[in-house]
Amino acid sequence: MSSQMSRTLVLERFGTLPRLAERPVPERQPGQTLVRVQAAQVGHLDLNIVDGAFGILPDLPTVPGTTGCGVVLASDTHSEGALVKINGKGLGMRRDGSWAEHAVAPDAAVSPVPEGTDPALACSYFSPAGSAWAAVHSVAGIQPGERVLVTGAAGAVGALTVQVAARAGAEVIGVVGRPAKLAHVPAPGKAVLASDLSPEAVGGPVDALIDTVGGPVLRDALGLVRPRGRAVLVGYTAGRELAIDIADWLLADVALLPVNLMSRGKEVAADTDAMLGDLMSGELTLPIERYTPDRLAEAVERLRTGAAVGKVALDLS
Ligand SMILES: NC(=O)c1ccc[n+]([C@@H]2O[C@H](COP(=O)([O-])OP(=O)(O)OC[C@H]3O[C@@H](n4cnc5c(N)ncnc54)[C@H](OP(=O)(O)O)[C@@H]3O)[C@@H](O)[C@H]2O)c1
């Protein structure tokens with residue numbers, strides 16, 4: 001096996017892009033599973049790691065990729081030929097990840113995926129679906145009839161949050177940053193441009209805000225939450241910082257609540273996995289842009305600039 005070669009994206013310096021290289025298929029140790037990767041997620045977390053801008057970073061050179069999906073080639077624990085997802089246990093953070101034709105993952109980072117699942121969907125759904133579920137149910141506690149404002153509503157987390165909140169019986173208003181994305185806010189969410197945000201545009205105060213973009217969009221949207229409402233913070237693509245005038249915030253009386261999927265992953269896992277069936281049947285939608293590894297730069301650019309609609313995945317099949 002070790003004489004076979006594997007097309008691999010290798011990061012040599014933080015702040016640069018990984019380059020495509022032919023490397024030997026990695027050696028599997030006891031307790032590890034060798035996977036022929038078919039699809040790998042390109043997510044904001046992966047880019048933060050590539051940039052060297054995350055709290056947990058690998059030694060260099062490294063293979064990025066915190067999540068992938070493929071077929072088991074060799075394992076003590078998992079059946080050969082089974083379709084699996086690889087994620088967690090430091091994959092793509094402390095150890096080589098999924099941006100390669102072959103990946104070795106600790107057995108505990110390998111989980112079965114229903115046969116017939118689109119590998120790109122299998123490696124893309126958990127983070128946005130889990131974040132959406134955690135934001136709507138675990139953190140915001142959305143109740144039927146409540147009015148919910150969702151920012152980044154055509155993004156991966158935002159689009160699923162719109163759908164999960166609507167399923168919870170909420171009236172949902174989705175905010176997008178550019179006109180081209182208005183049509184990508186999933187039904188039944190109402191779509192509003194961030195530059196047009198006002199009490200009139202959203203039909204009066206909302207009970208809860210679920211923000212996936214941060215920065216100035218968060219600042220503007222916060223003012224639309226009713227007193228004793230909730231503002232749930234998920235992401236920060238538009239900016240990592242929020243300046244708060246404490247006196248104004250106390251007066252506004254809005255709870256600022258964080259969503260951390262790493263700490264809530266286990267508690268939302270069952271509900272999130274149940275969403276996979278609905279994503280496969282089309283009852284829930286999550287657009288995925290697919291790129292071959294030689295087009296990584298384009299994929300990264302689309303994700304970084306916010307031009308991508310939904311998730312971005314590498315096709316390694
Ligand atoms: N807290 C957690 O545990 C957790 C879990 C998963 C994800 N996240 C975070 O949640 C955020 C959203 O993730 P996602 O997968 O939904 O990302 P996404 O699909 O890229 O969507 C985020 C939205 O942010 C806006 N955006 C993107 N880049 C931008 C830029 N450079 N400037 C301004 N706006 C930009 C875009 O909306 P418009 O074009 O409409 O402006 C985009 O649709 C990310 O920050 C991610 O790291 C957090």
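Basis for what follows: all heavy atoms, side chains included, without hydrogens, waters or symmetry-related copies. Ligands are counted one by one from 1 in listed order, and the atoms in each one are counted from 1 as well.
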Can you find an N or O of R178 that's nearer than 3.5 Å to an N or O of ligand 1? yes
Among side-chain atoms of D315 and T292, is any donor-acceptor pair under 3.5 angstrom? no
Looking only at heavy atoms, which two atoms of S75 and D107 are closest? And how far apart? OG-OD1, 3.8 Å
Does a donor on one side chain sit under 3.5 Å from an acceptor on the other, for Y125 and D273? yes
Taking atom CG as the centre, does L250 end up with more than 12 heavy-atom neighbours from other residues, nucleotides or ligands that are less than 6.0 angstrom away? yes
Subset of ligand 1 atoms that lie under 4.0 Å from at least one heavy atom of L303: 20 (O)
Using a 6.0 Å cut-off, check whether atom CG of D294 has over 12 heavy atoms from anything other than its own residue. yes
Return the residue, atom name and 0.1 Å-rounded distance of the protein heavy atom closest to atom 27 (C) of ligand 1. G306 CA, 3.3 Å
To check you understand the geometry: which heavy-atom pair defines the closest contact between A100 and V63, and what is its length? CB-CG1, 4.2 Å
For the residue pair R13 and L60, what are the closest heavy atoms and their distance? CA-CD1, 3.8 Å
Just distances here: any N/O of V176 and N/O of ligand 1 closer than 3.5 Å? no
Flag this pair as yes if the NZ/CZ of R295 is under 6.0 angstrom from the six-membered ring centre of Y291 and inside a 45 degree cone about the axis; otherwise no. no
Considering non-hydrogen atoms of the protein only, which is the closest contact for atom 42 (C) of ligand 1, and what is the distance? K181 NZ, 3.7 Å
Any N/O pair A238/ligand 1 closer than 3.5 Å: no
So, the side chain of D278 versus the backbone of M275: is there a donor-acceptor pair under 3.5 Å, distance only? no
What is the closest protein heavy atom to atom 31 (N) of ligand 1, and at what distance does it sit? R304 O, 2.9 Å
Which of the ligand 1 atoms, numbered from 1, are nearer than 4.0 Å to a heavy atom of G155: 16 (O), 19 (O), 21 (O), 43 (O)
Should the proximity of S131 to ligand 1, defined as any heavy atom under 4.0 Å, be assigned to the side chain, the backbone, both, or neither? side chain
Atoms of ligand 1, numbered as shown, that sit under 4.0 Å from any heavy atom of L261: 2 (C), 3 (O)
Contact check: Y236 vs ligand 1, nitrogen or oxygen atoms, below 3.5 angstrom: yes
Which segment of T305 sits under 4.0 Å of ligand 1 when only heavy atoms are counted: backbone
Measure the distance from atom 11 (C) of ligand 1 to every protein heavy atom, then report the residue, atom name and distance (to 0.1 Å) of the closest one. T212 O, 3.4 Å
Do any nitrogen or oxygen atoms of V259 come within less than 3.5 Å of a nitrogen or oxygen of ligand 1? yes
Where does V213 meet ligand 1, judged by heavy-atom distances below 4.0 Å: at the side chain, the backbone, both, or neither? side chain
When L279 is tested against each of T117, L286, T285 for side chain to side chain contact (heavy atoms under 4.5 Å, CB included), which residue passes? L286
Taking heavy atoms and a distance under 4.0 Å, where does N260 meet ligand 1: side chain, backbone, both or neither? backbone
Taking atom 14 (P) of ligand 1 as the reference point, the nearest protein heavy atom with its distance: V157 CG2, 3.8 Å
Decide whether the shortest distance between a heavy atom of S127 and an atom of ligand 1 is less than 4.0 Å. yes
So with a 6.0 Å cut-off around CD of E241, is the heavy-atom count from everything else above 12? no
Closest to atom 47 (O) of ligand 1 among protein heavy atoms sits H44 CB, 3.4 Å
Can you check whether V234 has an N/O within less than 3.5 Å of an N/O in ligand 1? yes
Below 3.5 angstrom, do we get any N/O pair linking G152 and ligand 1? no
protein heavy-atom neighbour closest to atom 32 (N) of ligand 1 works out as T237 O, 3.9 Å
Note: V172 and A165 closest approach over all heavy atoms is CG2-CB, 3.8 Å
Grab the two heavy atoms, one from V162 and one from P186, that are nearest each other, plus how far apart they are. CG1-O, 3.5 Å
Any idea which heavy atoms bring C69 and P119 closest together, and the distance? CB-O, 3.4 Å
Proximity flag G310 to ligand 1, non-hydrogen atoms under 4.0 Å: yes
Of the protein's non-hydrogen atoms, which lies at the shortest distance from atom 19 (O) of ligand 1, and what is that distance? A156 N, 2.9 Å
